[in-house]
Trainee: 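Provided herewith is a single structure, encoded as structure tokens, for subsequent inquiry.
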Amino acid sequence: MSEASLAPRDEAALAAAIAAAHAAAEPLAIEGNGSKRDLLRPVQAARTLSTRGLSGITLYRPQELIVSALAGTPLAEIEAALAEKGQHLIAEPPTLSAFFGTDRAPTIGGLVATNLSGPRRIAGGAMRDHVMGIRAVTGTGAVFRSGGRVLKNVTGLDLCKLLTGAHGTLGVLTEVTLKVLPAPASSGSLAVQVADLATGVRALSAGLGSPFGVSGAALLPQAGPAGGLAGLPGPLALLRIEDFAESVAYRLGRLREDLAGFGTVALLAEEASLAAWRAVREAEPLGAAPGEAVWRVSVKPSAGPGVAAAAGLDKALLDWGGGLVWLAGPATPDQHARVVAAAAAAGGTFTLFRAPEPLRAAVAVLPEEPPALAAIGRRVKAVLDPKGILNPGRMRAGA
Amino acid sequence: MIRLPDPKPAVLARRDEIVAALRALVPGGPLGEGVIGEALRLKPYETDGLSAYRQPPLAVVLPETTEQVAAVLRYCHANGIRVVPRGAGTSLSGGALPLADAVVIGLMRMNRILEVDYENRLAVVEAGVTNLGITNHVAGDGFFYAPDPSSQLACMIGGNVNMNSGGAHCLKYGVTANNLLGLRLVTIEGEILEVGGQHLDAAGYDWLGLLTGSEGQLAIVTEVTVRILRAAEGQRAMLAAFKGTEIAGAAVDAIIASGIIPVALEFMDKPCIHACEAFAHAGYPLEAEAMLIIEVEGSTEEQDRLLGQLKEICGRFDPISLKVAQSAEESLAIWKGRKGAFGAVGRISPDYLCMDGTIPTGELPHVLKRIGEMSAAYGLQVANVFHAGDGNLHPLIMFDANDPASFHKAEAFGADILKLCVEVGGCLTGEHGVGVEKRDLMGVQFTPAELALQRAVKGAFDPGWLLNPAKVFPLEDNPALQHAA
């Protein structure tokens with residue numbers, strides 16, 4: 001493995017390695033620590049290029065709400081540095097360590113490249129919303145920058161957005177600059193026992209449409225033992241408030257009155273609330289078994305329950321007000337086709353997020369794009385990676 | 001003066017034929033003719049919010065549907081005709097400045113609100129709906145569309161998307177890019193595409209993110225799906241005035257360090273305070289060197305508590321004056337001067353350039369000092385307003401447009417300020433875009449290779465460089481435009 005794995009110690013060496021691979025037209029699997037190696041399709045490459053040798057926070061200005069770090073910096077290291085100053089990553093990214101059954105530490109570059117956001121996405125924005133600047137290397141080995149280290153920037157085309165969520169197929173991130181915010185002083189949640197998923201989404205919508213600043217809105221079909229929710233029978237609508245302690249108490253109180261009509265409301269104090277949202281963030285309440293496939297479908301929130309029903313799967317978890325539907329079930333092409341059809345019928349998008357290799361190698365793990373957009377995509381790919389050496393096959397077969 | 005690419009003689013020679021062909025595609029209706037071709041009636045379209053630059057276009061088309069936009073683009077593409085998209089024409093960077101051989105596609109007749117969905121907190125609107133039009137439409141139900149550029153009464157959402165517009169409340173609610181779900185757009189080939197939708201975070205490449213802020217370089221946006229938010233229970237402002245810009249800057253740092261993120265945190269320097277006070281009589285302290293307007297949200301009790309904490313924090317910095325609004329009316333009075341800042345400067349100077357750059361907030365005192373020195377050297381007055389939370393600086397450079405020398409000095413002064421922004425770690429534009437105004441400064445922020453890469457990405461959407469081709473990228477070293485003439 002060591003011979004097949006490159007882990008350059010600096011950006012120049014990483015660029016040189018890519019330039020050499022470009023010259024030889026040799027494909028490379030791109031990763032940080034490989035914690036999400038099993039995400040999307042398997043990559044067709046004999047050698048792996050890792051950013052783990054590029055590690056460390058390069059700039060942290062708490063007063064300017066900005067942190068920069070080399071791509072291979074472990075997420076935990078960044079979170080610890082931010083916590084020391086009472087700040088946090090806004091998108092609440094998951095680690096998914098248990099989910100993917102790995103003890104490899106996720107890196108910040110990997111989180112940006114996969115645009116993974118947690119429950120706070122609904123109120124605070126996605127990972128990509130907070131990527132203010134990047135340094136990256138193209139598939140020819142050219143280093144480039146986009147964005148900057150300030151919170152507002154519209155100078156030129158926003159290549160930060162293009163590379164965020166591109167899964168390493170358009171360039172290898174070497175450094176990212178993120179917007180951060182003060183972590184809330186306090187938090188708490190309400191758990192509403194609802195009759196069915198549709199009622200649950202209406203409860204979440206009522207919360208998100210209230211003036212109280214709900215920062216998490218999830219729906220658990222079966223509460224189960226995860227996240228300290230034992231004893232509360234599902235389906236359970238969870239709504240979170242994060243703010244100063246007095247505001248959390250006041251807003252939970254007001255929200256509780258507004259939600260009383262949807263079912264019995266229980267209050268989760270800070271510890272229980274933190275545990276519940278950690279579980280939602282890591283998709284634990286989904287209860288996906290190791291051999292099962294897991295899909296992430298994104299639709300408008302009111303369509304979430306319909307997607308779960310149309311997919312014919314009992315194992316579901318709805319986040320983002322009901323719009324993010326996690327589904328788990330048999331890893332078969334037929335079941336995949338059902339989920340794809342359900343997402344399309346609801347006007348949404350899907351990702352086959354985790355599956356045994358035979359399935360994810362055989363089916364489209366992301367929606368097909370209309371031909372005109374796919375053609376633009378191929379031309380953009382040709383600009384940034386003309387020989388197609390970066391993570392070939394990761395997002396789509398043959399690309 | 002700004003250089004524009006040479007017009008294509010073959011296109012100019014075919015003007016009448018082109019106008020006739022466009023009329024067949026966009027005949028118009030009750031709102032008027034669909035195509036404008038007469039010189040006199042093209043005049044209103046010769047410039048935008050950067051009125052120092054003027055260039056009448058070949059023709060103006062005013063489509064009413066996405067299909068008409070597609071037909072026009074298909075025709076222009078087939079005939080090698082350049083296209084300049086235009087919303088309300090409020091761009092301060094010349095983003096809608098025409099070219100002599102270009103067809104302007106004005107989207108102001110596409111001004112319908114197509115769908116409002118409170119349960120899913122979104123609205124689908126056409127590109128020509130004004131920014132404030134969206135908020136006004138949903139305000140009765142307690143909702144709003146968050147980005148609020150100063151021009152929000154006039155500017156259109158299609159232009160906001162293309163410039164990734166911000167406003168005074170970005171610190172809490174983000175810029176345009178953070179408040180979009182989907183776009184309907186037309187490629188230069190006339191293909192109608194949807195990116196994003198009514199859901200969050202489409203799988204695949206983030207076309208929505210790349211298109212936002214692309215200044216009409218990649219496609220023409222005809223419909224926008226925006227997120228709408230429920231407004232907080234209430235909001236209130238306070239004013240804090242200080243003896244020095246460094247002191248005010250330190251107060252800003254202390255506020256952020258306290259964990260409070262105000263919805264707005266606006267900074268004004270002394271010349272700006274004076275201009276605004278003379279105009280609006282808002283009760284601003286004239287002896288102050290710098291002033292902050294801070295706004296918070298929540299219930300009355302929450303506002304009281306936050307404003308009390310902010311007052312205590314500002315109190316540590318030896319303020320000249322601290323005024324906490326006790327009512328919505330007093331809040332409006334505090335905002336009155338700031339909201340009228342541009343008009344106020346317009347009253348004391350016949351003309352001004354509104355610049356837009358971003359700096360790391362900690363560099364503010366240094367940057368203001370350097371701007372002051374430049375002001376003395378150029379002999380031109382400048383007033384500064386600053387979105388202190390996010391580092392977005394708006395120097396207003398005063399000059400006399402009747403004196404060409406004064407205008408050229410103002411342009412050079414502005415360029416020096418933007419170079420300074422980059423030098424201290426910031427960037428050329430925070431929310432106005434590059435347009436033609438900052439096009440030739442792009443080399444200050446980007447290497448030639450980085451610019452070539454961005455141009456190549458544009459080329460992936462628009463291989464013939466027909467979409468708004470004179471903007472954003474320097475004309476030099478651009479093979480696509482060198483050969484265009």
Side-chain angles (χ1 to χ4, degrees), chain A residues 61-65 86 115 117 121 125-126 128-129 138 142 144-145 148-159 161-162 164-166 181-182 185 205 208-211 213 246-247 250 298-302 320 323 347-351 366-367 369-370 372-373 376-377 379-380 383 395, chain B residues 118-121 163-164 166 170 174-175 178 187 191 193 197-206 209-210 213-214 230-233 253 256-257 259 261 298-299 302 305 358-362 390-392 425-431 433-434 442 445-446 449-450 453-454 456-457 460-461 472:
Chain A
R61 297 277 168 82
Q63 319 87 311
E64 293 173 5
L65 305 175
N115 187 29
S117 314
R121 196 272 171 261
R128 74 162 169 105
D129 287 306
T138 67
F144 70 96
R145 303 161 300 155
R149 49 154 295 201
V150 286
L151 298 185
K152 244 186 191 171
N153 184 351
V154 289
T155 319
L157 295 179
D158 191 350
L159 303 184
K161 296 276 193 318
L162 187 59
T164 303
L181 278 179
S205 287
L208 289 165
S210 79
E246 299 92 330
S247 282
Y250 162 75
S298 183
V299 292
K300 64 180 175 183
S302 61
W320 301 354
T349 186
F350 72 89
T351 306
L366 304 172
E369 291 180 327
L373 193 57
I376 290 170
R379 295 200 292 263
V380 168
V383 166
M395 297 177 76
Chain B
Y118 291 116
E119 188 179 7
N120 292 302
R121 300 164 299 281
M163 290 304 187
N164 196 9
C170 300
V175 294
N178 314 124
T187 68
E191 294 275 354
L193 292 175
Q198 301 200 340
H199 53 278
L200 295 167
D201 300 347
Y205 293 151
D206 184 12
L210 179 65
S214 64
R230 177 69 192 265
E233 287 187 84
D253 282 356
I256 300 289
I261 293 295
S299 67
E302 288 178 295
R305 192 171 58 246
T358 310
I359 57 173
T361 52
D390 55 32
N392 194 186
C427 61
L428 292 174
T429 172
E431 58 186 6
V434 176
M442 285 289 273
Q445 186 168 336
F446 295 108
E450 286 165 341
L453 190 63
Q454 290 189 32
V457 171
F461 284 79
V472 185

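Everything numeric here is computed off the predicted structure, so don't read it as measured data. Throughout, protein chains are lettered first and strands after them, A, B, ... in sequence-line order, and every chain is numbered starting at 1.
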Trainee: At a 4.5 Å cut-off on heavy atoms, which part of A/L208 comes close to chain B: side chain, backbone, both, or neither?
Mentor: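 Interface part for A/L208: both.
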Trainee: Given a strict heavy-atom distance threshold of 4.5 Å, which part of B/L453 is in contact with chain A: side chain, backbone, both, or neither?
Mentor: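 Both parts, backbone and side chain.
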Trainee: Quick check for you: among A/S117, A/G209, A/G148, A/A166, which has the greatest number of heavy-atom pairs under 4.5 Å with chain B?
Mentor: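 Ranked by heavy-atom pairs under 4.5 Å with chain B, first place is A/G209.
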Trainee: Just by modelled atom types, is the B/A203 backbone N or O under 3.5 Å from a matching donor or acceptor in the A/T349 side chain?
Mentor: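 Present.
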Trainee: Quick one: what part of B/A257 sits under 4.5 Å from any heavy atom of chain A, side chain, backbone, both or neither?
Mentor: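 Neither part; nothing is under 4.5 Å.
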Trainee: Given that the side chain runs from C-beta out, which part of A/P301 has a heavy atom under 4.5 Å from chain B: side chain, backbone, both or neither?
Mentor: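 Contact with chain B: backbone and side chain both.
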Trainee: Give, as side chain, backbone, both or neither, the part of B/V472 having an atom under 4.5 angstrom from any heavy atom of chain A.
Mentor: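 Only the side chain of B/V472 comes within 4.5 Å of chain A.
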Trainee: Check whether A/R128 gets within reach of chain B through its side chain, its backbone, both or neither, counting any heavy atom under 4.5 Å.
Mentor: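 When you check distances to chain B, only side chain atoms of A/R128 fall under 4.5 Å.
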Trainee: Taking every non-hydrogen pair under 4.5 Å, which of A/D158, A/D129, A/L366 racks up the most with chain B?
Mentor: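 Of the candidates given, the most pairs with chain B belong to A/D129.
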Trainee: Looking at A/P370, A/S298, A/G156, which one has more heavy-atom pairs under 4.5 Å with chain B than the rest?
Mentor: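 Result: the option with the highest number of such pairs is A/S298.
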Trainee: Examine whether an atom of B/S214 lies under 4.5 Å from a heavy atom of chain A, and if so say whether it belongs to the side chain, the backbone or both; otherwise answer neither.
Mentor: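 Both backbone and side chain.
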Trainee: Please examine the side chains of B/I261 and A/L65, heavy atoms only from C-beta on, and report whether any two atoms are closer than 4.5 Å.
Mentor: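 Yes, side chains in contact.
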Trainee: Heavy-atom distances under 4.5 Å only: say whether B/E233 touches chain A with side chain, backbone, both or neither.
Mentor: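 Looking at B/E233, backbone and side chain both touch chain A.
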Trainee: Please classify the contact of A/S210 with chain B as side chain, backbone, both or neither, using a heavy-atom distance under 4.5 Å.
Mentor: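 Backbone only.
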Trainee: Do the charged groups of A/K152 and B/D390 touch, with an N to O distance under 4.0 Å?
Mentor: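 A salt bridge is present here (some side-chain N lies under 4.0 Å from a carboxylate O).
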Trainee: Which one wins on heavy-atom pair count under 4.5 Å against chain B: A/L162, A/L151, A/L373?
Mentor: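 Sorted descending by pairs with chain B, the first entry is A/L373.
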Trainee: Taking atom types as modelled, is there a side-chain donor on B/E119 or A/S302 under 3.5 Å from an acceptor on the other?
Mentor: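 The criterion, which ignores hydrogens and geometry beyond distance, is not satisfied for A/S302 and B/E119.
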Trainee: Which answer fits A/A142, side chain, backbone, both or neither, if we ask what part of it has an atom under 4.5 Å from a heavy atom of chain B?
Mentor: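 Answer is neither: A/A142 stays 4.5 Å or more from chain B.
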Trainee: At a heavy-atom separation under 4.5 Å, does B/Y118 approach chain A through its side chain, its backbone, both, or neither?
Mentor: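 Answer is neither: B/Y118 stays 4.5 Å or more from chain A.
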Trainee: Measure distances from B/L193 to the heavy atoms of chain A and classify the residue's part below 4.5 Å as side chain, backbone, both or neither.
Mentor: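 Side chain of B/L193 only, per the 4.5 Å heavy-atom cut-off to chain A.
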Trainee: Let me know if B/A231 has heavy atoms under 4.5 Å from chain A in its side chain, its backbone, both or neither.
Mentor: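 Just its backbone gets close to chain A.
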